[in-house]
Amino acid sequence: MDITALKIRDARKMLDGREISAPELAKAYLDRIAETDGKIKSYITVTADSAMKMAEKAQKKIDSGEAGPLCGIPLAIKDNICTDGVKTTCASKMLENFVPPYNATVMEKLEKEDIVMLGKASMDEFAMGGSTQTSAFAKTVNPYDTGCVPGGSSGGSAAAVSASLCTAALGSDTGGSIRQPASFCGVTGLKPTYSRVSRYGLVAFASSLDQIGPIANCAYDCGLILNTIAGYDPHDGTVSKNPVEDYTAKIGQSVKGMKIALPREFYAEGIDDSVRKAVLAAADVYKSMGAELIDCSMPSLKYAVAAYYLISSAEASSNLSRYDGIKYGHRSKIGENFNELIANSRSEGFGEEVKRRILLGNYALSSGYYDAYYGKAMALKQKISAEYADIFEKCDVILTPTAPTVAYGVNENISDPAKMYQADICTVTVNIASLPAVSTTCGYDEKGMPIGMSVIGRKFAEADILRVADAFEQQFERRLPKIN
Amino acid sequence: MDLDMVRYLAKLSKLNYSEEELAKVAKDMTSIINIMDTIKDIDIKYDPFADNKNIYLNDLREDISAESFPTEKILANALNSENSFVVPKVVE
């Protein structure tokens with residue numbers, strides 16, 4: 001059986017049509033992981049035994065005719081989403097042996113649908129990074145070129161989908177961590193509206209920006225997963241009570257007459273020519289489908305990276321102060337007194353990038369600097385949100401590149417944190433303004449590396465952006481990676 | 001960013017650095033702060049009232065007791081003894 005780039009919809013037909021059983025499907029992926037993941041390194045933990053058990057349970061449901069859209073579908077779960085009884089490391093030595101005593105709400109919802117979890121996908125440590133090279137356990141590489149990064153922080157999830165090591169995956173996105181790796185790995189990733197999906201059980205990075213979302217082979221599959229994971233949760237006070245729609249309902253509708261805005265700052269200096277050309281060519285495809293392209297501006301984009309890093313690091317420094325080596329997490333063997341034990345545990349457990357973010361966050365929040373940095377960043381959050389609101393007065397969706405470049409070499413940029421931060425310019429404003437956005441592949445550069453574009457929508461307009469992304473996907477010839 | 005500032009932040013953050021590491025961190029933090037300083041160019045103020053209108057304070061869930069996690073399961077991730085976390089001596 002060929003599971004290459006298998007979509008959920010097609011897997012569903014095969015399972016319901018008895019062409020294949022859920023255990024056979026799970027086994028096919030597990031075999032492929034055993035064979036290929038040594039090269040890609042997308043998983044930190046492979047849960048082969050429990051996957052087979054989940055598949056057998058799913059098969060019973062299929063046999064009884066009660067299977068939902070995700071029943072028996074093999075998924076990878078980012079390793080910062082708590083899984084009851086299964087190690088959740090956040091790709092950090094700090095949580096190397098952490099076994100959560102509970103499931104994240106998204107896992108509860110997925111397990112109720114009888115998905116099959118294949119394992120926990122690698123990521124940048126504590127989701128801080130855009131390359132997955134800060135992972136303490138599995139420095140994932142790009143399936144299109146194993147000398148290149150898969151992006152990040154959900155690089156394991158994106159690479160696993162791209163290399164057909166799962167049907168789809170869950171990632172999390174604080175400043176682009178679903179969309180940018182989806183772009184680098186040539187797959188589709190959806191960052192839902194802030195508050196659409198419960199964060200209960202997602203290891204906290206920046207609580208006002210974090211959001212869980214799907215990475216899959218197409219926009220339709222992202223919609224199917226969002227249908228299951230979205231919705232109210234008494235465990236997360238920030239979750240919206242807005243009713244959960246069918247996010248696939250608008251897929252297939254024409255984009256004729258839709259207004260698509262292109263904010264010119266997203267196509268300016270700093271964006272590679274190949275990326276700019278591919279995204280503008282995709283805009284022309286929409287035009288040929290009858291959509292109207294609208295020129296617009298986002299003057300505050302130049303401040304976005306700074307505002308994002310100040311807000312996210314300030315929240316991270318507070319969130320990560322819980323790691324003291326006492327209740328869970330790495331505990332140093334050296335420490336005569338309380339403070340010494342905490343400082344030693346944290347210094348041994350956290351990697352360099354995580355430490356830098358904690359320092360930056362504490363700097364932004366410290367007395368004498370608070371107003372100039374954190375206060376100003378929060379003011380910019382309001383300004384950027386207002387600029388998005390202005391643009392949405394004139395359009396239905398916004399189209400931008402997902403990243404300024406295609407995937408770069410594993411040894412490039414990593415030693416220059418400032419340069420790495422600048423590369424987030426295309427994605428961070430979406431988190432700052434709490435909006436939904438989906439990244440899908442719109443072309444390939446001369447070396448065959450995927451180029452991603454992002455469709456940004458109004459709050460809770462996931463169904464609209466998935467419809468727009470799907471319209472492009474339907475006429476786009478996707479090139480699959482040839483894993484060398 | 002000078003070394004004294006990095007030392008101060010490291011202390012606030014409960015992180016240890018050797019002198020050699022401190023110099024590298026100071027260099028990295030200087031280039032990071034240079035990016036952060038771009039926001040000094042814009043003169044705007046945060047409006048705390050504008051952000052609070054979407055918080056529904058009367059929409060809290062009922063205060064109903066729910067089942068607790070089993071103690072063994074919670075303690076399994078920590079150094080523990082006699083049903084409690086083990087901490088270093090705090091009072092001299």
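The shown structure was predicted, so the numbers you read here are calculated from the model rather than taken from an experiment. Any value given below was found using the heavy atoms of this structure, including those in side chains, with hydrogens, waters and symmetry copies removed. Chain letters run A, B, ... following the sequence lines, proteins first and then strands; every chain starts at 1.
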Within 6.0 angstrom of B/Tyr17 OH, more than 12 heavy atoms from elsewhere: yes
If only atom types and distance count, is the side chain of A/Lys376 paired as donor or acceptor with the main-chain N or O of B/Ile42 below 3.5 Å? yes
Side chain from CB out, backbone as N, CA, C, O: work out which of these in A/Glu348 comes under 4.5 Å of a heavy atom of chain B, or both, or neither. neither
Please determine whether the number of non-hydrogen atoms from other residues, nucleotides or ligands lying under 6.0 Å from atom CG of B/Asp41 exceeds 12. yes
Counting heavy-atom pairs under 4.5 Å with chain B, the top scorer among A/Ile342, A/Asp416, A/Leu380, A/Leu341 is A/Leu380
Enumerate, atom names and distances included, each donor-acceptor pair closer than 3.5 Å involving a side-chain atom of residues 98-105 of chain A, sequence neighbours excluded.
residue	atom	partner	partner atom	Å
A/Asn103	OD1	A/Asp84	N	2.8
A/Asn103	ND2	A/Glu108	OE2	3.2
A/Asn103	ND2	A/Glu111	OE1	3.4
A/Thr105	OG1	A/Asp233	OD2	2.6

Cut-off 4.5 Å, heavy atoms of chain B, and the answer for A/Arg331 is side chain
Comparing A/Asn97, A/Asp371, A/Asn362, A/Leu359 against chain B, the one with the most heavy-atom pairs below 4.5 Å turns out to be A/Leu359
Minimum-distance pair of heavy atoms, taken over all atoms of B/Lys14 and A/Ser347: O-OG, 4.5 Å
May I ask you to decide if B/Asp47's main-chain N or O and A/Gln382's side chain share a donor-acceptor pair within less than 3.5 Å? yes
Could you pull out every donor-acceptor pair under 3.5 Å between side chains of residues 297-310 of chain A and any protein atom, sequence neighbours left out?
residue	atom	partner	partner atom	Å
A/Ser297	OG	A/Glu265	OE2	2.6
A/Ser300	OG	A/Glu387	OE2	2.7
A/Tyr309	OH	A/Asp424	OD2	2.4

Interface residues of residues 80-87 of chain B facing chain A - non-hydrogen atoms under 4.5 Å apart: B/Phe85, B/Val86, B/Val87
Residue part contacting chain B, namely of A/Leu360, when any heavy atom lies under 4.5 Å: both
Counting only heavy atoms closer than 4.5 Å, note whether B/Lys45 contacts chain A via side chain, backbone, both or neither. backbone
At a heavy-atom separation under 4.5 Å, does A/Tyr323 approach chain B through its side chain, its backbone, both, or neither? neither
Out of curiosity, A/Lys333 NZ to B/Leu79 CG, how far, rounded to the nearest 0.5 Å? 10.0 Å
Point-to-point distance, once rounded to the nearest 0.5 Å, from CD1 of B/Ile44 to CE of A/Met378: 11.5 Å
Kindly say whether B/Ser13 contributes a backbone atom to a donor-acceptor pair with the side chain of A/Arg346 at under 3.5 angstrom? yes
Under 4.5 Å, heavy atom to heavy atom: which of residues 21-28 of chain B reach chain A? Give them by number, or say none. B/Lys24, B/Val25, B/Asp28
Nearest 0.5 Å, please: how far is CG in B/Leu9 from OH in A/Tyr369? 8.5 Å
Looking only at non-hydrogen atoms, find the nearest pair between B/Ala78 and A/Ile326 and report the distance. CB-O, 3.2 Å
Tell me, yes or no, whether the heavy-atom count around B/Lys11 atom NZ, taken from other residues, nucleotides or ligands under 6.0 Å, exceeds 12. no
Side-chain touch A/Tyr363/B/Met5, heavy atoms, less than 4.5 angstrom: yes
Run the side-chain contact (heavy atoms from CB on, under 4.5 Å) test on B/Lys89 and A/Asn337 for me, step by step, so that the C-alpha distance in whole Å, both residues' side-chain angles and the decisive distance to 0.1 Å come before the verdict. CA-CA 6 Å; B/Lys89 197 164 138 189; A/Asn337 62 54; over 6 Å; no
Measure the CG-OG distance between B/Leu12 and A/Ser321 for me, rounded to the nearest 0.5 Å. 11.5 Å
Between B/Met29 and chain A, which part of the residue has a heavy atom less than 4.5 Å away: side chain, backbone, both or neither? side chain
Tell me, with the steps shown, if B/Ile33 and A/Tyr373 meet side-chain contact (heavy atoms from CB on, under 4.5 Å). CA-CA 10 Å; B/Ile33 298 298; A/Tyr373 288 111; 3.7 Å; yes
With a 4.5 angstrom heavy-atom cut-off, is it the side chain or the backbone of A/Lys355 that approaches chain B, or both, or neither? both
Contact winner vs chain A - B/Val6, B/Thr38, B/Asn34, heavy-atom pairs under 4.5 Å: B/Thr38
Show your working on side-chain contact (heavy atoms from CB on, under 4.5 Å) between A/Lys383 and B/Tyr46 and close with a plain yes or no. CA-CA 9 Å; A/Lys383 187 158 169 47; B/Tyr46 176 60; over 6 Å; no
Contact class of A/Tyr421 relative to chain B, heavy atoms under 4.5 angstrom: side chain
